Amino acid sequence: MCNHPIVAETISASIVTKGYAVVDNLLPKAELQQIQLRFEELQQEDEFLKAGIGKQIHFTIDNTVRGDFIRWIDSSDKSAPVYKLFEYVNELLTNLNRTYFLGIKDYETHYAFYPKGKGYQMHRDRFKTNPHRIISFVFYLNENWQKGDGGELVLYNEETEAIETIAPKANRLAVFLSETLHEVKSCNTERRSITGWLLDVPTELTFLG
Ligand code: OGA
Ligand code: NI
């Protein structure tokens, strides 16, 4: 049976009450493995670019703030194995709109990897020059992650006290309000994920700020 609506409702309810949600074992093993293979293929094809901060005229690359490499996922990729993840994203989007009236119109996603020793300093995904990101989600691909590997996602409250530390374990989906302060701890081994944002405008209009 398809459990997408149940998972989506659980995530939505948790976001509304706590501001975030964590779901483990999201996909069947075979589907996860296909995504992991696709990720490796893209790395071998050298498809990743150094990630920057801000957009358009605000775009800068600052290695001290964020150390990841990214590859955006476009519509041609949506038939690739990540499609299985997007089924959940679509259901979540529908649920958030129907039950909680969030007015989500679209989403944008990229593959990301952090080389050993890199992280992403405390930041928000929603801010003045990028107000359209409403919900952030990250699907982790790190098989056999263990304590000491680092790269945890830490969520903070407005007093910058840590409220949750989330290990980037394979097949785990973390979802949080994009306005939340958060950080990616420096990792001691390469860290892979698919990161995305639910938007309140169609993706092609995010530049409007
Ligand atoms: C981001 C981010 C969190 C993570 O890409 O903006 O905060 O756990 N990612 O990868
Ligand atoms: Ni972020």
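The chain is numbered in sequence order, starting from 1. Order of listing sets the numbers, starting from 1, for every ligand and every atom in it. Since we're looking at a predicted model, the values are computed, not measured.
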Salt bridge flag under 4.0 Å for residues Arg38 and Glu31
no
Heteroatom distance test (His123, ligand 1): nitrogen or oxygen, under 3.5 angstrom
yes
In terms of the angle between their ring planes, are Tyr107 and Phe86 parallel, tilted or perpendicular, with boundaries placed at 30° and 60°?
tilted
With hydrophobic residues grouped by side-chain heavy-atom distances under 4.5 Å, do Ile194 and Val89 end up in a single group?
yes
Within-cut-off N or O pair, His182 and ligand 1, under 3.5 Å:
yes
Where ligand 1 meets Thr195 - atom numbers and elements under 4.0 angstrom, heavy-atom basis:
5 (O)
Quick one: nearest non-hydrogen protein atom to atom 10 (O) of ligand 1, plus distance?
Arg191 NH1, 2.8 Å
Can you list the steps and then say if Thr189 with Asp149 is a side-chain hydrogen bond (donor to acceptor under 3.5 Å, both in side chains)?
CA-CA 6 Å; Thr189 169; Asp149 287 349; 5.4 Å; no
Which atom of Asp125 approaches the Ni ion (ligand 2) most closely (N/O/S):
OD1
May I ask you to list the atoms of ligand 1 that are less than 4.0 angstrom from any heavy atom of Val138?
3 (C), 4 (C), 8 (O), 10 (O)
Aromatic rings Tyr111 and Phe39: how do their planes relate, parallel, tilted or perpendicular, breaks at 30° and 60°?
perpendicular
If you measure from the Lys or Arg side-chain nitrogens to the Asp or Glu carboxylate oxygens, is any gap between Lys185 and Glu152 under 4.0 Å?
no
As an exercise, identify every atom of ligand 1 less than 4.0 angstrom from a heavy atom of Asp125.
6 (O)
Give yes or no for whether the N/O distance cutoff of 3.5 Å, strictly under, is met between Tyr120 and ligand 1.
no
I'd like to check which ligand 1 atoms, numbered from 1 as shown, lie under 4.0 Å from a non-hydrogen atom of Tyr140.
4 (C), 8 (O)
So does Ile6 get a backbone contact from the side chain of Thr10, meaning a donor-acceptor N/O pair under 3.5 Å?
yes
Ring of Tyr114, cation from Arg191 - is the NZ or CZ under 6.0 Å from the centre and inside 45° of the axis?
yes
At less than 4.0 angstrom from any non-hydrogen atom of Val184, what atoms of ligand 1 do you find?
3 (C), 4 (C), 8 (O), 9 (N), 10 (O)
Shortest-distance N, O or S atom of His123 relative to the Ni ion (ligand 2)
NE2
